[in-house]
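Let me begin by presenting the structure, written as structure tokens, before commenting on it.
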Amino acid sequence: VAIAAELLCYVEDPGAVLTGIRRLLRPGAPFCVSVEARWGWAMAEDVPVGQIEALLTDGVVDAPGDRFVTTYTDASFRGLLEGAGWAVELLKRTHYASSGPFERLAGELDAAALFVLEDRIRSIVELTHLNRALVAIVR
């Protein structure tokens with residue numbers, strides 16, 4: 001098994017990284033990977049100032065002296081994974097209240113309450129796309 005938590009957001013060639021990981025794992029081994037999600041990331045408390053064009057164009061935040069991060073939509077993340085030869089078993093929107101746009105509004109929660117709240121937010125059509133991260137299980 002391999003895990004890449006938001007790694008693909010911070011590399012120049014995420015497709016090459018995915019291909020390299022695929023070569024290292026035995027066929028059929030699970031790979032858990034997450035990325036920064038486009039819409040909710042832009043609303044999080046730690047977003048860099050002056051990066052509105054990243055939201056409105058390609059999702060690449062380039063704040064010199066601060067950070068560089070590529071954000072993903074569901075479709076661009078799935079396309080990246082499948083383009084590197086992975087079969088997507090699960091792609092889930094996460095991080096609405098844990099470091100996402102509803103973090104301050106939710107306040108401190110224990111893990112059980114957080115999971116319930118995440119499911120509730122995810123189920124509301126007007127809010128479902130405002131997640132901070134995307135998680136996938138691929139093989």
Side-chain angles (χ1 to χ4, degrees):
V1 68
I3 299 171
E6 297 179 18
L7 168 74
L8 301 178
C9 298
Y10 303 99
V11 297
E12 190 171 326
D13 189 348
V17 171
L18 286 170
T19 300
I21 292 170
R22 196 159 177 258
R23 277 195 307 264
L24 295 172
L25 288 176
R26 68 177 162 72
F31 175 38
C32 179
V33 56
S34 66
V35 295
E36 294 273 9
R38 175 87 41 91
W39 316 118
W41 186 87
M43 297 172 54
E45 292 182 38
D46 63 345
V47 69
V49 174
Q51 295 296 305
I52 191 70
E53 285 302 311
L55 175 70
L56 300 174
T57 59
D58 62 4
V60 177
V61 176
D62 187 5
D66 184 7
R67 69 188 87 171
F68 170 89
V69 60
T70 301
T71 62
Y72 292 86
T73 62
D74 294 22
S76 66
F77 186 36
R78 181 178 292 279
L80 176 67
L81 295 167
E82 291 174 348
W86 294 94
V88 178
E89 290 184 6
L90 169 89
L91 194 148
K92 188 170 186 174
R93 296 171 175 170
T94 66
H95 290 68
Y96 293 93
S98 58
S99 77
F102 304 109
E103 179 178 15
R104 185 179 301 260
L105 191 59
E108 288 191 36
L109 300 169
D110 64 31
L114 175 64
F115 294 142
V116 168
L117 180 59
E118 293 268 315
D119 285 342
R120 287 179 65 199
I121 294 171
R122 190 180 300 110
S123 73
I124 299 170
V125 70
E126 293 87 358
L127 302 178
T128 191
H129 68 286
L130 298 179
N131 53 303
R132 169 75 186 254
L134 295 164
V135 174
I137 305 290
V138 298
R139 292 184 190 267

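A donor-acceptor pair under 3.5 Å is formed between the side chain of Thr57 and the backbone N or O of Glu53. Here the side chain of Ser123 pairs a donor or acceptor atom with the backbone of Arg120 at under 3.5 angstrom. A distance-only check finds a donor-acceptor pair linking the side chain of Glu118 to the backbone of Tyr96 [under 3.5 Å]. With hydrogens and angles ignored, the 3.5 Å screen pairs a side-chain donor or acceptor of Thr19 with a backbone N or O of Gly15. In terms of modelled atom types and a separation under 3.5 Å, the side chain of Ser34 and the main chain of Val135 share no donor-acceptor contact. Side-chain N or O atoms of Arg38 include none that pairs as donor or acceptor with a backbone N or O of His129 at under 3.5 Å. Within the 3.5 Å criterion, the main-chain N or O of Gly85 finds a donor-acceptor partner in the side chain of Arg22.
Rounding to the nearest 0.5 Å gives a distance of 9.0 Å between CG of Leu91 and CD of Glu82. To the nearest 0.5 Å, atoms CD1 (Ile3) and CZ (Phe31) are separated by 9.5 Å. Atoms CZ and OG1, on Phe68 and Thr70 in that order, are 4.0 Å from each other to the nearest 0.5 Å. Taking CG of Leu130 as the start and NE2 of His95 as the end, the distance is 15.0 Å to the nearest 0.5 Å. Taking CZ of Phe115 as the start and CG of Asp110 as the end, the distance is 9.5 Å to the nearest 0.5 Å. Between atom CD of residue Glu6 and atom CG of residue Leu134 there is a gap of 10.0 Å, rounded to the nearest 0.5 Å.
Linking ILVMFWY residues whenever their side-chain heavy atoms come closer than 4.5 Å, directly or via other members, leaves Trp39 and Val47 in distinct clusters. Hydrophobic clustering (ILVMFWY, side-chain heavy atoms < 4.5 Å, transitive): Val88 and Val1 are in distinct clusters. Cluster annotation: Leu80 is connected to Leu7 through the hydrophobic network of ILVMFWY side chains, with a link wherever side-chain heavy atoms come within less than 4.5 Å. Hydrophobic clustering (side-chain heavy atoms under 4.5 Å, transitive across Ile, Leu, Val, Met, Phe, Trp, Tyr) keeps Leu90 apart from Val33. In the hydrophobic clustering of this structure, Trp41 does not group with Tyr72; members are Ile, Leu, Val, Met, Phe, Trp, Tyr whose side-chain heavy atoms approach within less than 4.5 Å, directly or through other members.
Scanning both residues, Ser99 and Ala44, for their nearest heavy atoms gives O-CB, 4.0 Å. Ala42 approaches Leu55 most closely through the heavy-atom pair CB-CD1, 3.7 Å. Nearest heavy-atom pair across Arg139 and Pro30 is NH1-CD, 3.4 Å.
Residues Glu36 and Tyr10 meet the side-chain proximity criterion, which asks for heavy atoms closer than 4.5 Å. Contact annotation: the side chain of Arg122 never approaches that of Asn131 to less than 4.5 Å [non-hydrogen atoms, C-beta and beyond].
Atom CD of Glu45 sits in a crowded spot, with more than 12 heavy atoms from other residues, nucleotides or ligands closer than 6.0 Å.
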Assess whether side chain to side chain contact (heavy atoms under 4.5 Å, CB included) is satisfied between Ile21 and Trp86, documenting all intermediate values.
CA-CA 10 Å; Ile21 292 170; Trp86 294 94; 4.2 Å; yes
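Side chains of Arg132 and Thr94: a donor-acceptor N/O pair is absent below 3.5 angstrom, by distance only.
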